[in-house]
Number of protein chains: 2
Amino acid sequence: MFSKACEYGIRASIFIAIKSRSDIRVSLKDIARETDSPVSFTAKILQRLVKNNIIDSLKGPNGGFEIKKSKAGKIRLSHIVNAIDGDSIYKKCGLGFRNCNNKKPCPLHYKFTVVRENLRKMLEETTLLELSEDIERGQSFLKIN
Amino acid sequence: MFSKACEYGIRASIFIAIKSRSDIRVSLKDIARETDSPVSFTAKILQRLVKNNIIDSLKGPNGGFEIKKSKAGKIRLSHIVNAIDGDSIYKKCGLGFRNCNNKKPCPLHYKFTVVRENLRKMLEETTLLELSEDIERGQSFLKIN
DNA sequence: TTAATAAAGGACATATTTATCCGTTATTAA
DNA sequence: TTAATAACGGATAAATATGTCCTTTATTAA
């Protein structure tokens, strides 16, 4: 569904959001370790998230990544997915036809649109804050086995 | 969402189903041309569909691919997707955690499960017959622009 | 029986995604 | 001011997905 890059990006964002709630800035190494993600690849993804103003970064000692507290409730999964995978997941035709649309629909068009809209809504409704709260309540986990 | 291979596989299957309704066996070339798919790559995908008993093939003059009339109503999109992309689209964790489950869920687990189930049902409910009928009625198209 | 035809199958080529490495730049604290 | 630290950015490597080519095998019709 999502690319690996996007999976790691979401994991990282959630971890950063959690730590930022206690004003703790986290390093690349911490993020990679705590989300079971490859270090160097995660670095690239974090750079992209920084450029897209989803997370903030600071160089040097005591540097690292953070998400301003007031921001976590406003960042939606859709923002992260968009920054990394683009909008193809919302827009792309199920059969890969470039010009598929309501006027000239592919055979899957309407059925697929329903599924995609379902996904789009979920991503647009879900905030980082909400996901990090689940984890702090012990209702979900960022490191599994 | 689907791999390119899967997109071409579904396109090809629908085209074969349509032609088979008039007892016409179609060649690789015809399929590729009429579904805007790369010829040689499509060949590989068709082989896979044949091995999975989704389509039938016959070598030699007047040979080609077909789907027995009585079968088209029984073949679901899920069968094609499964043969080509496997079941990861139904089963894989949204964040890519191998052991994510209800007992130890990732932060996206429940929300993602809803979306995935939605997709799964759609694929399991939709038959090739139904899709080919849509096309014959001029309600959808296999070649777009 | 032979020539022509079309799928099957293996080897190979290209593109994209995933992932690493390392020198550079910014920041901090001593 | 300097040494240490950690993100940034570019080059490169490895793995996977996409795609082609060519020989072999099965089938048909002449």
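Chain A is the first sequence line, chain B the second, and so forth, proteins listed ahead of strands; every chain is numbered from 1. Not measured: the values here are computed from a predicted model.
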Between B/R25 and B/E66, is there a side-chain N and carboxylate O pair less than 4.0 Å apart? yes
With sequence neighbours excluded, tell me which residues meet salt bridge (Lys or Arg N to Asp or Glu O under 4.0 Å) with A/K4. A/E7
Those residues of residues 58-69 of chain B lying under 4.0 Å from DNA chain C by at least one heavy atom: B/L58, B/K59, B/G60, B/P61, B/G64, B/F65
According to ring-ring contact (aromatic ring centres under 6.0 Å, His included), does anything in residues 63-107 of chain B pair up with another residue at least two apart or in another chain? List the pairs. none
Measure the shortest side-chain to side-chain distance between A/L123 and A/I80 over non-hydrogen atoms and say whether it is less than 4.5 angstrom. no
pair B/N52-B/I84: side-chain heavy atoms closer than 4.5 Å: no
Side chain proximity check, B/I75 to B/T127, heavy atoms < 4.5 angstrom: no
Heavy-atom contacts, protein to nucleotides 11-23 of chain C, under 4.0 Å, summarised as B (base), S (sugar-phosphate only) or - (none) per nt, yield B------SBBB--
Of all residues at least two apart in sequence or in a different chain, which pass the side chain to side chain donor-acceptor pair (under 3.5 Å) check with A/N102? A/H109
Can you establish whether the number of heavy atoms outside B/R120 located under 6.0 Å from its atom CZ is more than 12? yes
Using a 4.0 Å cut-off to any heavy atom of chain A, which nucleotides of DNA chain D are the first and last in contact, reading 5' to 3'? D/dA4 to D/dA11
Name all residues meeting the salt bridge (Lys or Arg N to Asp or Glu O under 4.0 Å) criterion together with A/K91; count only those two or more places apart in sequence or in a different chain, and write none if there are none. A/D87
Decide yes or no for B/R98 and A/N145: does some side-chain heavy atom of the first lie under 4.5 Å from some side-chain heavy atom of the second? no
Where at least one partner belongs to residues 9-47 of chain B, residue pairs that pass ring-ring contact (aromatic ring centres under 6.0 Å, His included), sequence neighbours excluded: B/Y8-B/F41
Is the number of heavy atoms from other residues, nucleotides or ligands within 6.0 Å of NZ (B/K143) greater than 12? yes
Quiz question: by atom type and distance under 3.5 Å, do the side chains of B/D85 and B/S3 form a donor-acceptor pair? yes
Any residue in residues 13-29 of chain B with a heavy atom nearer than 4.0 angstrom to DNA chain C? Just list them by number, or reply none. B/V26, B/S27, B/L28
Across all chains, not counting sequence neighbours, the salt bridge (Lys or Arg N to Asp or Glu O under 4.0 Å) partners of A/K69 are A/D23
I need the residues from residues 46-56 of chain B with at least one non-hydrogen atom less than 4.0 Å from DNA chain C; give them sorted by number, or say none. B/Q47, B/V50, B/K51
By salt bridge (Lys or Arg N to Asp or Glu O under 4.0 Å), B/K111 pairs with (sequence neighbours left out) A/E130
Scanning all shown strands, the Watson-Crick or wobble mate of D/dA30 with both distances under 3.5 Å is C/dT1
